Amino acid sequence: MSNISSAGSASTASFKAALVFNAIVFGVELGVFTLIRPYFKSVYEPRTYVPPPAKRVKPLSNNMFLWPWAIYKADYRAIIKANGMDAYFFVRFLRMMVVVFLPIWLISWAVLLPVNRVGTDVSNVDSLNTFTFGNVPPDQKGRYAAHLILAWVFTAWILYNIRVEMNHFITMRQIHLVEPSHSKSLQANTILVTGVPVKYLTHEALYHLFKDLPGGVKKIWINRNLKELPEVYDRRMTACAKLESAETALLRTAAKLRAELIKKGKGAEQQELVVSSSDDVASADVVPTDQRPTHRLGFLGLWGKKVDSIEWAREEIRVCNELLDEGRRTIKQEDSVNDIEHGHLTKGKEAILKKMRIAGGSEQQSKYPPLNSAFITFYRQISTHLAAQALLHHKPYCMSGKYFELKPDDVIWSNLGMNPYEQKVRMALSYAATGALIIFWTFPVALIGAISSISSVCSEVRWLNWICSLPDAVKGIISGVLPPVLLAVLLMLLPIVLRLFAKFEGIPQKTGVELSLMSRFFIFQVIHSFLIVTLSSGVVSSLNGFLHNPTSIPSLLAKYLPQASTFFLTYIILQGLSGTAGGFLQIVTLVIYYVKLFIFGSTPRSVYDVKYGTSNVAWGTLFPMTTLLSVIAIGYSVISPIINGLAFLTFLLFYFLYKYLFIWVYQENTDTGGLFFPKAMQHLFVGLYIGQVCLAALFFLSRDSNNKAAAVPEGGLMIALIAITAFYQLIINNSFDPLEKALPLSLADKMYMPVIAAPASAGPSIITTDGDIPDKQSDDAHVVANTGGVDSQENETNAEEDTYGFAHPAVSRPQRTVWLPRDPLGLAEKEEQASKDAGIDVSVGPDAVMNEEGKVDITGPPPDVRALNDSWLEQDT
């Protein structure tokens, strides 16, 4: 018995060590945040100056110490306008968990803590474990009624909140989708169809397939196998970045050489050269050849031919421009022939066809053949949702992949050409690999669970006996602080692999990959971060009893499995205290910001990205890491009720943290309209099932002094509760699943309603191709906006989307303007002209300047951003 007692005695030591350690970290980090917050707005309040003026927020608080009150008073619904529906529903989920755990905490502490402890023999039981289900003597089975009743009450309360929140989700999502500024957007009116048969891979065929939907078809983009063009496009982007870097380095070297000459007091002629006559100075007059920027062409620049970076980049951009222009001309010609062969004959196209037939072009295979997918944009939003719900083809898997509410920058272009059967095989392989990884991951996670019960292990494993002689505080740190940290590090590596699996599956949307990752990562965490840790910790705790009396396994499991909650108590403390404080302080972000600014902020674009770039989150990992805490807390809410108070505190702190982050810090670029939220609701059911199964098992395993089952009726009633919960989930899913994504016809009158003028001809006037940039004036001739007095700021659309639509960047985007700073010597203008003579788009200032020491600063956006959107970002003075 002494060994069991010593094993259990680590529980309180671990809990105290974790509580004290994390409380200290919490206090220190929040204290530092309070002191430095006003001086680093670029890290702690970037949304007060980075977004366009209409979307900026007021400063958090003018008083250094009143920021908690400002966060408390802030309306979390403001997150919708600031960061979209995904961010709003994440904070709403945290708010829901606060509401759920407040009464559970109060009731469980008032009822279950005394039921578990009062009047029991606690002489050989660790003080923390006296509050768990395992401390109730089976001979006093009447006490089990409290656990049973509260299990039913808590389940009913959680199920009620799930239904309330799902009702809210559906309402808010539908309001968001039909809101005028969204309803008229390209995102809301476009559908991606994959698995398109060859017969339908023409603009005419797709047009006639969808033309009868309300409003008709506005544009069609048929995706092509662009072969080398995406790689050429990437080469050009790399060369543009290299040219910006090299030119800025050249200007910096010139500025420093000038400063050195002046400082050393060189001859008057040299000073005159570099100071007074800068209008006639070329870079070669100031910077010696051996000091010009160079790089090697081999791997990572470590070996290979050494070249002048500026000359190389100019030539690389020129070559890439020519290759892309040639590819785009070829695509336009192939589109013209395609239209001619399908009856869209014009005089201009007749001439093209004649020339190509003379050259034999009509007989040869397409250089850039169409893939089996296309984007179709409709005039009316309701048509998008009808098309998404319609059966498009009469053969299996043909045109069965339908995706809507997607943005051009959300598309994974490399996944648009998969055969439907290939995608099914990839999906099977992807989930098989995920399953194999789950099995492989068992071993390191089980080891972490064993460390959480190191006091038991050291008493049974001879070569670890020395750990038993360590002070309780040290053992508490080893078992209470180290395992959660190790688990957190291990879980940081996992999403990288799972995200690759999801992309391999063939999902064509980045947000779709995140939704898939959310499910995979959650499964992983439940199995490894909860179930395996629980079982390994519980088994290790009762290891001595197993060895001495194998027949006592059921009773020992019933006694020691509840004690495994110690690990999760410390884990929730780590997340709630250290995690929250770390989220406010963002020390890594702060350090990285200034490292980037002063070390890597060498070009105007890099300075702009650092100063005006905002942080965002990876929903595929953030949501399941949060729902895991819900599963843990719900699973142990009756078995170890102490966890309920900690869960309430953790979710309350998380609520304030993410309300702050999504209003004042983060800027999300993509949004699913809240589709992560219903997945989170399903995760709560997992927590309910785990808690109910564990409690039912503990009832059935409970034995009295005669080694007879002591709580069979209670176990039977828990089985009934599991069945009721499953039936309720079935009803919830059956009720809300059809409404989660698509809009119903009953909301058609709430959507944006364009007035469509009859086109001159049915097909060509509303169809465009990959390489053709949409003619906005032509579009406006057919669509007359009916905005109903909506605020013009709410009708802002993404300028890049309006300009290029769903055309692949390689066949639509122009060369990114090379952005150079205006320098004291005026050399930038000479370099600009030299690049323009080589056919390269370059711009100097005025929003980027270099001072006499060579330091670059900016006051506005890159010229290509300014050209697309006049409401550029400006720093708030």
Side-chain angles (χ1 to χ4, degrees), residues 192-195 371-373 395-403 406 410-449 487-536 618-625 627-628 631 672 675-676 678-687 689-690 693 726 729 733 737 740-741:
L192 166 64
V193 180
T194 61
L371 298 174
N372 61 349
S373 63
K395 290 185 179 180
Y397 295 142
C398 288
M399 306 183 78
S400 59
K402 292 167 287 186
Y403 307 85
L406 72 166
D410 188 35
V411 176
I412 302 177
W413 299 100
S414 59
N415 281 353
L416 293 184
M418 288 187 187
N419 180 285
Y421 293 93
E422 176 191 358
Q423 190 169 17
K424 298 294 182 183
V425 172
R426 281 173 170 259
M427 180 185 298
L429 292 175
S430 174
Y431 278 97
T434 302
L437 194 60
I438 289 176
I439 297 173
F440 170 77
W441 219 258
T442 300
F443 302 103
V445 174
L447 178 61
I448 292 174
L487 186 62
V489 173
L490 194 63
L491 291 177
M492 288 175 60
L493 304 176
L494 183 61
I496 299 174
V497 180
L498 294 180
R499 193 175 275 112
L500 291 175
F501 287 168
K503 187 176 180 181
F504 172 80
E505 180 182 327
I507 299 172
Q509 290 176 268
K510 296 173 186 175
T511 51
V513 169
E514 291 299 301
L515 286 165
S516 177
L517 174 62
M518 179 179 178
S519 299
R520 297 168 193 257
F521 194 44
F522 176 74
I523 294 172
F524 247 96
Q525 294 209 98
V526 168
I527 293 175
H528 289 288
S529 301
F530 188 19
L531 298 180
I532 291 179
V533 170
T534 297
L535 293 175
S536 62
W619 293 116
T621 55
L622 178 62
F623 240 122
M625 290 177 68
T627 56
L628 174 66
V631 170
T672 68
L675 291 181
F676 294 93
K679 282 181 172 285
M681 294 297 100
Q682 299 301 308
H683 294 181
L684 295 185
F685 280 103
V686 174
Y689 292 135
I690 290 176
V693 169
Q729 183 183 15
N733 293 344
D737 280 358
E740 283 183 8
K741 295 182 179 180

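Since the structure is predicted, the reported quantities are computational estimates derived from the model, not experimental observations.
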Whether Asn372 side chain and Thr194 backbone form a donor-acceptor pair below 3.5 Å
no
Where the side chain of Thr627 meets the backbone of Ala680, is there a donor-acceptor pair that is under 3.5 Å apart?
no
CA sep, side-chain torsions, deciding dist, call: Ile412, Ile507, side-chain contact (heavy atoms from CB on, under 4.5 Å):
CA-CA 8 Å; Ile412 302 177; Ile507 299 172; 5.5 Å; no
Side-chain heavy atoms of Leu437 within contact of Leu498, under 4.5 Å
yes
So, Asn733 versus Gln682: side-chain donor-acceptor pair below 3.5 Å or not?
yes
Please say whether the positively charged group of Arg520, taken as NZ for Lys or CZ for Arg, lies over the ring of Tyr431, i.e. under 6.0 angstrom from the six-membered ring centre and within 45 degrees of the axis.
yes
Would you find a donor on one side and an acceptor on the other, under 3.5 Å apart, between the side chain of Glu514 and the backbone of Gly620?
yes
Would you indicate whether the side-chain heavy atoms of Lys424 and Tyr397 approach each other to under 4.5 Å?
yes
As an exercise, state the distance from CD1 of Ile527 to CD1 of Ile439, rounded to the nearest 0.5 Å.
9.5 Å
Over all heavy atoms of both residues, which pair between Leu675 and Lys741 is shortest? Give the atoms and the distance, please.
CD2-CG, 4.0 Å
Quick check for you: to the nearest 0.5 Å, what is the distance between Leu500 atom CG and Glu505 atom CD?
13.0 Å
State, with a plain yes or no, whether a side-chain heavy atom of Leu494 is found less than 4.5 Å away from one of Gln525.
no
To check you understand the geometry: which heavy-atom pair defines the closest contact between Glu422 and Met418, and what is its length?
OE1-CA, 3.8 Å
So does Ile438 get a backbone contact from the side chain of His528, meaning a donor-acceptor N/O pair under 3.5 Å?
yes
Test your reading of the model: is there a side-chain donor-acceptor pair from Ser430 to the backbone of Arg426, 3.5 Å cut-off?
no
Between Phe623 and Phe676, how do the two ring planes meet: parallel, tilted or perpendicular, split at 30° and 60°?
parallel
Write down the atom of Thr434, the atom of Phe524, and the distance for their closest heavy-atom approach.
O-CE1, 3.8 Å
Shortest non-hydrogen contact from Thr621 toward Arg499:
CG2-NH2, 4.2 Å
With a 4.5 Å limit on heavy-atom distance, are the side chains of Val526 and Ile690 in contact?
yes
Walk me through it: do Trp619 and Leu517 pass the test side-chain contact (heavy atoms from CB on, under 4.5 Å)?
CA-CA 9 Å; Trp619 293 116; Leu517 174 62; over 6 Å; no
